[in-house]
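See below for the structure under consideration.
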Amino acid sequence: MMKKVTAVILALLMAVLFFGCGTKSDGDLGKRTTVDKSNGYSIIQEVLPFEYSEDKKAFDENTQLDGFKTSEENPGNPAKTKSTALEIAKQEVTDSFDTVKFSYDRTRGIWKVTFILAATNNDDGSPKTDEKTVKTVYVDEDGYAVAAVK
């Protein structure tokens, strides 16, 4: 009887350890999509994956790669969360915007913060689908901007 109880306890313990070690927590990379209007603009909570190396292939002569308020020599706080990445990226945006979307490259540790301005609203006040990207700022998780595309 004692051997059976011990075997069951060990099996339960192994199951708990197996499920506890399985995947890395997404933390700030939740799949929910909500909108926060408390700051005067909408923040899309869902963080989509992207590959910085793929985006970098599309960079052209209009892409800003230096001259940022935060740089490798003058970093801000580490950008481990959306809110910190947003604060760093907002320093590089001078035009008005009403929506912010996030993407994150886990391999490189780079946030893609996209500032959007909805062109017009529907009769009910909701934004139409015709929107324009004001600026996209790429923020390294060490706390500085690495690129900006207008």
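The structure presented is a predicted model; accordingly, all values stated were derived computationally and were not measured.
- Side-chain N/O atoms of Y138 and D55 include a donor and acceptor closer than 3.5 Å.
- The two residues P75 and E72 have their closest heavy-atom pair at CD-O, 3.6 Å.
- For D105 (side chain) and Y52 (main-chain N/O), a donor-acceptor pair under 3.5 Å exists by modelled atom type.
- A single hydrophobic cluster is not seen to contain both L65 and V139; linkage of ILVMFWY side chains at heavy-atom distances under 4.5 Å, directly or through other members, places them apart.
- With a 4.5 Å cut-off on side-chain heavy atoms, T70 and Q91 count as touching.
- Under a 3.5 Å cut-off, the side chain of E92 and the backbone N or O of K69 do form a donor-acceptor pair.
- For D66, the CG atom sits in a loose shell: 12 or fewer heavy atoms of surrounding residues, nucleotides or ligands are nearer than 6.0 Å.
- Tested against S103, the residues V47, V113, L48 include a single side chain to side chain contact (heavy atoms under 4.5 Å, CB included) partner, L48.
- Aromatic ring centres of F50 and F102 lie farther apart than the 6.0 Å criterion allows.
- Side-chain contact between L86 and I43: present, with at least one pair of heavy atoms (C-beta onward) separated by less than 4.5 Å.
- Defined by atom type and a distance below 3.5 Å, a donor-acceptor pair is present between the side-chain atoms of Q45 and K82.
- F115 and V149 are members of different hydrophobic clusters when ILVMFWY side chains are connected at heavy-atom separations under 4.5 Å.
- Using modelled atom types, one side-chain atom of T6 and one backbone atom of M2 make a donor-acceptor pair closer than 3.5 Å.
- Heavy-atom contacts from other residues, nucleotides or ligands closer than 6.0 Å to NZ of K101 number 12 or fewer.
- The CG atom of D142 sits 6.0 Å away from the NZ atom of K80 when rounded to the nearest 0.5 Å.
- Considering only heavy atoms from C-beta on, I44 comes within 4.5 Å of T99 through its side chain.
- Note on ring orientation: taking the six-membered ring where Trp is involved, the planes of W111 and Y104 are tilted (angle from 30° to 60°).
- Considering CG of L117 and OG of S96, their distance stands at 5.0 Å, rounded to 0.5 Å.
- Remark: N77 CG to T84 OG1 distance equals 6.5 Å, nearest 0.5 Å.
- The CD1 atom of I116 lies 6.0 Å from the OG1 atom of T114; values are rounded to the nearest 0.5 Å.
- Side-chain atoms of T63 come within 3.5 Å of backbone atoms of D60 as a donor-acceptor pair (strictly under, hydrogens ignored).
- Across V93, T133, D95, V137, a single residue satisfies side chain to side chain contact (heavy atoms under 4.5 Å, CB included) together with K150, and that is D95.
- Here D140 does not pair with R108 in a salt bridge; the nearest charged N to carboxylate O distance is not below 4.0 Å.
- Annotation: K90, atom NZ; neighbour count of heavy atoms from other residues, nucleotides and ligands within 6.0 Å is above 12.
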Report the C-alpha separation of Q64 and K135 in whole Å, then their side-chain angles, then the decisive distance to 0.1 Å, and conclude whether the side chain to side chain contact (heavy atoms under 4.5 Å, CB included) test is met.
CA-CA 11 Å; Q64 180 182 352; K135 195 170 204 178; 3.8 Å; yes
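- In terms of heavy-atom proximity, A145 sits nearest to F68 at O-CD1, 3.5 Å.
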